[in-house]
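Data block below; observations after.
Below, chain A is the first sequence line, B the second, and so on; all start at residue 1. Predicted model only: the values in this text are computed from it and were never measured.
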Number of protein chains: 2
Amino acid sequence: MLHRPNCRDCRWRGMCISNALGGRELERFEGIAEQNNAIHKGDQVFRSGEPLRVLHVLRSGCVKSSSISEDGAEQIIRFHLPGEMLGLNSVGTGFHHCTATALDSASVCEIPYRRLQDMADRIPVLNQRLFRMMSREIERDEQLLMLLGKKSASERVARFLVNLSQLFGQRGFSTREFNLTMARREIANYLGLTVETVSRSFRMFQDEGALEVEGKHITVRDPDCLYRLGGLPFQPAARVSNQ
Amino acid sequence: MLHRPNCRDCRWRGMCISNALGGRELERFEGIAEQNNAIHKGDQVFRSGEPLRVLHVLRSGCVKSSSISEDGAEQIIRFHLPGEMLGLNSVGTGFHHCTATALDSASVCEIPYRRLQDMADRIPVLNQRLFRMMSREIERDEQLLMLLGKKSASERVARFLVNLSQLFGQRGFSTREFNLTMARREIANYLGLTVETVSRSFRMFQDEGALEVEGKHITVRDPDCLYRLGGLPFQPAARVSNQ
DNA sequence: CGCACTTTTGAGGATAGTCAACGTCTGTGG
DNA sequence: CCACAGACGTTGACTATCCTCAAAAGTGCG
């Protein structure tokens with residue numbers, strides 16, 4: 001488990017929600033978060049249609065959120081990395097409209113939704129933190145919309161890798177070398193492509209010298225080249241946001 | 001201006017936000033909503049990057065929300081019909097990340113965000129109403145993701161028409177006959193297609209006997225056929241939700 | 001080991017994009 | 001009121017991108 005000096009355990013106990021709280025309130029907050037819960041690859045954290053009893057904070061591992069259309073097709077909406085909160089997009093209706101599935105062994109802790117809501121009702125700064133987190137969900141969805149609506153297959157795949165690399169960086173891991181937790185099929189689904197097209201994009205990126213791909217292990221050889229392949233003008237400045 | 005017995009003016013004064021409030025609180029709420037503001041076709045209600053001072057409620061007309069990518073390409077995220085609240089997806093960051101543009105003459109009223117937030121901090125039921133509205137934004141974004149990720153061109157266009165028809169129905173207008181406020185170019189942008197493809201889909205739907213298209217005027221001749229063209233198994237039951 | 005599943009690669013084809021031409025609508029100014 | 005310009009919409013021909021199908025190679029697990 002990774003610890004960073006500026007944002008210690010809170011990072012893994014509610015995506016910095018507890019940052020918003022001081023002394024006594026923080027204790028209460030820690031109090032309502034339940035023990036870690038181990039889940040295995042393929043397990044579902046929650047299913048679409050279930051009532052929203054608890055919000056989950058992913059403490060380790062990787063989880064996908066997907067929604068199923070009326071004809072049974074899956075659309076992966078998002079891949080979640082440690083520190084992220086699951087189920088936020090269902091706050092409001094009171095029912096999950098996504099299914100969350102573990103991509104590998106993972107652990108989550110549970111925050112009873114009702115009690116979080118009660119706290120938020122009494123603590124405006126916590127309430128605003130929740131709004132901010134939902135807002136970020138929307139922003140991410142809309143970035144994906146842009147990707148699906150306007151970008152070519154290889155641009156989508158390149159941006160997917162750039163984003164993933166940045167997310168690892170934000171968590172203190174290498175941006176140049178990492179493992180894909182998800183299968184090609186899942187990357188393809190997320191990006192609105194087929195497995196074959198994703199595979200061919202990987203090959204192209206290797207031929208361009210941007211990447212080295214060995215199964216699930218990715219080594220970024222030339223980040224600038226990868227940004228170009230993603231249609232990005234140049235390397236985006238590292239986000240300084242602590243969240 | 002349309003009035004419905006079960007949800008009178010509130011429908012146009014904050015998308016039923018005021019439903020959550022009783023007597024005195026309702027008065028206060030009405031107090032903070034500013035006068036109607038007339039805007040013209042092409043006017044921008046707010047621009048991406050601006051600080052979020054007020055939330056806008058669309059009282060008449062039609063508005064598009066779009067975000068602009070780093071390379072200048074527009075992606076329309078959503079078309080808004082009367083009664084909807086604009087800017088909700090920016091709550092949290094405090095800055096707009098979309099640009100809202102009127103598609104025809106429209107009027108909006110403004111709700112100072114700070115004051116709404118203060119009220120929400122004191123009135124849990126209003127607060128929950130806001131969460132619910134944001135949640136709905138997320139759900140709609142995710143429906144669009146499914147459309148862009150998994151559906152063919154003609155399915156996208158057919159579903160676009162079905163959705164629009166339902167939205168008109170919810171507002172008490174005909175589901176069988178309506179005018180498209182947006183240009184073909186904008187429909188295409190929204191659906192991740194080209195103008196030509198949208199135009200050809202319209203033609204196909206006419207040849208199938210599902211529609212009659214005269215410029216911006218749409219007449220739905222065979223709703224079931226349109227649902228089928230959208231890949232929907234059969235006519236979805238009308239939503240009874242009062243929102 | 002053997003089986004199932006995933007990934008890669010190739011060949012061929014369909015869908016939707018590009019380019020171009022033409023028709024239609026709208027608003028402006030004579 | 002009409003003429004005109006410019007934007008919008010439709011249609012056709014051609015093309016590129018990405019999907020489908022198929023087969024082989026690689027990977028993981030009981």
Legend entry - Distance-only donor-acceptor test (3.5 Å): side chain B/Glu186, base D/dC8: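 For B/Glu186, whose side chain was compared with the base of D/dC8, there is no donor-acceptor pair (under 3.5 Å).
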May I ask you to verify if any side-chain N or O of [X] is less than 4.0 angstrom from the OP1 or OP2 atom of [N]?
X	N	answer
B/Arg203	D/dT11	yes
A/Thr197	D/dC19	yes
B/Ser152	C/dT15	no

Inset, instruction - Indicate whether any N or O donor in one side chain lies under 3.5 Å from an N or O acceptor in the other, for A/Thr197 and A/Thr194. - result: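 Checked: A/Thr197/A/Thr194 side chains pair up, N/O donor to acceptor below 3.5 Å.
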Legend entry - Pair B/Ser66-B/Glu74, side-chain donor/acceptor within less than 3.5 Å: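 Note: B/Ser66 and B/Glu74 side chains meet the donor-acceptor criterion.
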[N] [atom2] sits how many Å from [X] [atom1], rounded?
X	N	atom1	atom2	answer
A/Lys216	C/dC5	NZ	P	15 Å
B/Lys41	C/dG27	NZ	P	7 Å
A/Glu196	C/dT9	CD	P	12 Å
A/His40	D/dG28	NE2	P	19 Å
A/Met204	C/dT8	CE	C1'	16 Å
A/Arg200	D/dC19	CZ	C1'	9 Å
B/Asn179	C/dT26	CG	P	11 Å
A/Ile187	C/dT6	CD1	P	13 Å

Inset, instruction - Look at the side chain of B/Arg171 and the backbone N and O of B/Leu167, then say whether any donor-acceptor pair between them is shorter than 3.5 Å. - result: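 Yes; judged by distance alone, with no hydrogens or angles, the pair exists.
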Inset, instruction - Verify, without hydrogens or angle tests, whether A/Arg176 (side chain) and A/Val220 (backbone) share a donor-acceptor contact under 3.5 angstrom. - result: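 Pair found, side chain donor or acceptor close to backbone of A/Val220.
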Side chain of [X] - closest among [options]:
X	options	value
B/Ser199	D/dT10, D/dC19, C/dG17	D/dT10
B/Val195	D/dC18, D/dT10, C/dT8	D/dT10
A/Arg184	D/dC19, C/dT7, C/dT9	C/dT7
B/Val213	C/dT9, D/dT10, C/dC19	D/dT10

Legend entry - Residue mapping more 5' on DNA chain D - nearest nucleotide basis, A/Lys151 or B/Gly215: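 Closer to the 5' end of DNA chain D: B/Gly215.
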Inset, instruction - Test B/Gln44 against B/Arg47 for side chain to side chain donor-acceptor pair (under 3.5 Å), laying out the working first. - result: CA-CA 7 Å; B/Gln44 292 179 339; B/Arg47 272 159 292 278; 2.7 Å; yes
